[in-house]
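This report concerns only the one structure given below.
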Amino acid sequence: MSKLYILCCLLFAFSGHAQESEDWTKDITPKHSRISGTNAYFILDIPGWAPLPANPNLLVNEEKKAYMFIEQKKASLEEYESDWIPILLGDMKPLLTRQIRFKDEKGKLIKTILESDRGEEVLWLAYIGNQDRMLDIKAAYASDKDDLLEAELLTLIRSLFIDEQVIIGPFETVPFIADVERHGFVEEASYMPNSLMITNPETMESLWMVLTEQTETREEILQMDREYLTEQEAEIIFEESWTDPEPTDFKVYNTSLNNEGISTFSATIFMENQVITVSINMPYTPANEQMFREILSSVRLK
């Protein structure tokens with residue numbers, strides 16, 4: 001009987017821990033700073049922590065080799081929990097899971113351990129949102145620094161304030177800009193630093209824009225592009241190059257990856273020591289070609 005009593009106590013204790021929750025509702029203060037590309041504010045006054053100038057969504061502590069990445073997604077809480085969390089966690093078992101809330105927005109705070117190229121790391125996941133958007137927070141550091149860094153990470157994360165009135169521009173998080181809104185592209189998502197996927201909600205066509213450092217010559221980059229198209233057995237419908245206002249190489253082609261009636265519009269723009277790749281899949285029509293050219297001519301560095 002005593003063993004059964006102990007087992008019941010353990011089960012109830014575990015259940016109580018799993019259901020712990022935190023209410024982050026608070027007022028904004030002068031110490032809060034908004035994270036670019038989100039409606040989230042954090043208090044960034046812990047020594048050693050600062051956003052990277054080239055990627056303000058990434059907060060780093062270089063001395064302690066720790067980071068926290070903050071991103072806003074156009075997805076519902078239900079979609080995020082069903083589609084993203086299983087991918088992010090995989091087979092990892094959470095060491096801690098807590099329900100979190102900010103006003104009417106809900107989510108979870110999760111701590112786990114992962115094996116990476118850098119060795120064993122502590123991974124923190126925090127997500128909070130509603131039926132329209134999600135705020136996604138990921139943080140990591142070496143597991144042997146957990147005693148030192150857990151309190152700092154939780155202080156940063158728990159300082160969160162969400163301002164529903166913030167209007168976010170599609171190019172707020174990247175070092176380039178283009179005139180896309182007049183062509184109907186307004187829905188934005190980011191999947192890696194210095195990249196955007198901007199969607200037209202009427203046509204559901206998505207424009208991809210990626211900026212990378214130019215480590216090869218223009219000819220070497222174009223040669224790699226030609227090799228890729230050869231491997232894909234691409235049917236090149238149209239190609240053209242120009243130098244004004246920026247050196248640009250523009251192609252329209254079809255591959256086996258394209259749906260019937262859909263072509264890939266792709267351009268490489270060479271700007272200073274950087275390269276911006278712009279691409280979209282859509283029907284090859286004169287109107288679409290004109291639209292794509294107008295977007296290319298408007299691309300510039302901030």
Side-chain angles (χ1 to χ4, degrees), residues 19-46 49-52 55-59 67-85 88 97-110 124-139 153-175 177-182 184-202 204 206-207 209 302:
Q19 294 177 11
E20 286 184 6
S21 63
E22 300 185 14
D23 189 341
W24 292 354
T25 302
K26 61 183 74 68
D27 295 325
I28 195 167
T29 73
K31 290 185 176 181
H32 277 92
S33 300
R34 186 167 74 88
I35 302 299
S36 181
T38 75
N39 61 354
Y41 289 74
F42 290 83
I43 298 177
L44 310 177
D45 62 354
I46 298 178
W49 285 91
L52 282 182
N55 186 9
N57 295 72
L58 183 62
L59 308 180
Y67 75 86
M68 185 167 79
F69 184 68
I70 304 153
E71 185 178 23
Q72 191 160 302
K73 290 181 167 63
K74 290 186 179 294
S76 68
L77 176 61
E78 292 75 17
E79 290 170 338
Y80 189 85
E81 290 190 317
S82 63
D83 298 340
W84 287 91
I85 287 301
L88 291 173
T97 301
R98 289 181 181 167
Q99 303 289 334
I100 56 178
R101 176 189 292 273
F102 182 90
K103 297 181 180 178
D104 294 330
E105 304 195 20
K106 302 176 182 178
K108 286 183 181 178
L109 175 67
I110 300 170
W124 288 91
L125 300 174
Y127 61 90
I128 187 166
N130 52 30
Q131 71 275 11
D132 299 317
R133 64 173 181 271
M134 286 300 309
L135 188 67
D136 176 21
I137 305 169
K138 302 180 185 72
L153 247 299
L154 287 175
T155 297
L156 281 171
I157 294 173
R158 286 168 174 159
S159 73
L160 170 73
F161 178 88
I162 298 174
D163 187 349
E164 299 176 354
Q165 306 304 313
V166 170
I167 298 175
I168 302 167
F171 292 92
E172 190 172 301
T173 61
V174 293
I177 194 167
D179 184 4
V180 299
E181 292 183 356
R182 69 187 181 95
F185 293 92
V186 293
E187 300 290 333
E188 177 266 333
S190 176
Y191 292 94
M192 60 181 180
N194 295 336
S195 75
L196 288 180
M197 183 181 75
I198 313 170
T199 302
N200 184 324
E202 291 187 5
M204 295 309 296
S206 295
L207 183 75
M209 303 184 71
K302 290 181 180 177

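Note that these values count all heavy atoms, side chains included, but never hydrogens, waters or copies made by symmetry.
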For [X] and [Y], which heavy atoms make the closest approach, and how far apart are they?
| X | Y | result |
| --- | --- | --- |
| K26 | F102 | N-CE1, 3.9 Å |
| F42 | I137 | CZ-CD1, 3.8 Å |
| I85 | Y127 | CD1-CE2, 3.5 Å |
| L160 | I128 | CD2-CG2, 4.1 Å |
| S159 | H32 | O-NE2, 2.8 Å |
| I177 | F171 | CA-CD2, 3.7 Å |

Rounded to the nearest 0.5 Å, how far does [atom2] of [Y] lie from [atom1] of [X]?
| X | Y | atom1 | atom2 | value |
| --- | --- | --- | --- | --- |
| E105 | Q131 | CD | CD | 9.0 Å |
| M204 | T199 | CE | OG1 | 6.0 Å |
| I35 | Q72 | CD1 | CD | 11.5 Å |
| I46 | T155 | CD1 | OG1 | 5.0 Å |
| K103 | I162 | NZ | CD1 | 9.0 Å |
| L58 | M68 | CG | CE | 9.5 Å |

> Between Y41 and F161, what is the ring plane arrangement, given parallel below 30°, perpendicular above 60°, and tilted in between?
Replying inline: perpendicular
>> Using the side-chain contact (heavy atoms from CB on, under 4.5 Å) criterion, which residues pair with D45? Sequence neighbours excluded.
In response: K31, I43
>> Is the shortest side-chain heavy-atom distance between N130 and D104 below 4.5 Å?
In response: no
> With a 4.5 Å heavy-atom cut-off, do E81 and M134 have their side chains touching?
Replying inline: no
Measure from the side-chain N and O atoms of [X] to the backbone N and O of [Y], and report whether any donor-acceptor pair falls under 3.5 Å.
| X | Y | value |
| --- | --- | --- |
| Q99 | S21 | no |
| D163 | N39 | no |
| K302 | V174 | yes |

> Would the number of heavy atoms belonging to other residues, nucleotides or ligands and lying under 6.0 Å from CG of D23 be above 12?
Replying inline: yes
>> So for atom NZ, which belongs to K138, do other residues, nucleotides or ligands contribute more than 12 heavy atoms lying within a distance under 6.0 Å?
In response: yes
> Step by step, would you call L44 with W49 a side chain to side chain contact (heavy atoms under 4.5 Å, CB included)?
Replying inline: CA-CA 7 Å; L44 310 177; W49 285 91; over 6 Å; no
>> Under the criterion side chain to side chain contact (heavy atoms under 4.5 Å, CB included), I'd like the reasoning laid out for R101 against E22: C-alpha separation, chi angles, the key distance, then a yes or no.
In response: CA-CA 6 Å; R101 176 189 292 273; E22 300 185 14; over 6 Å; no
>> Pair W24, I157 - check side chain to side chain contact (heavy atoms under 4.5 Å, CB included), show working.
In response: CA-CA 10 Å; W24 292 354; I157 294 173; 3.3 Å; yes
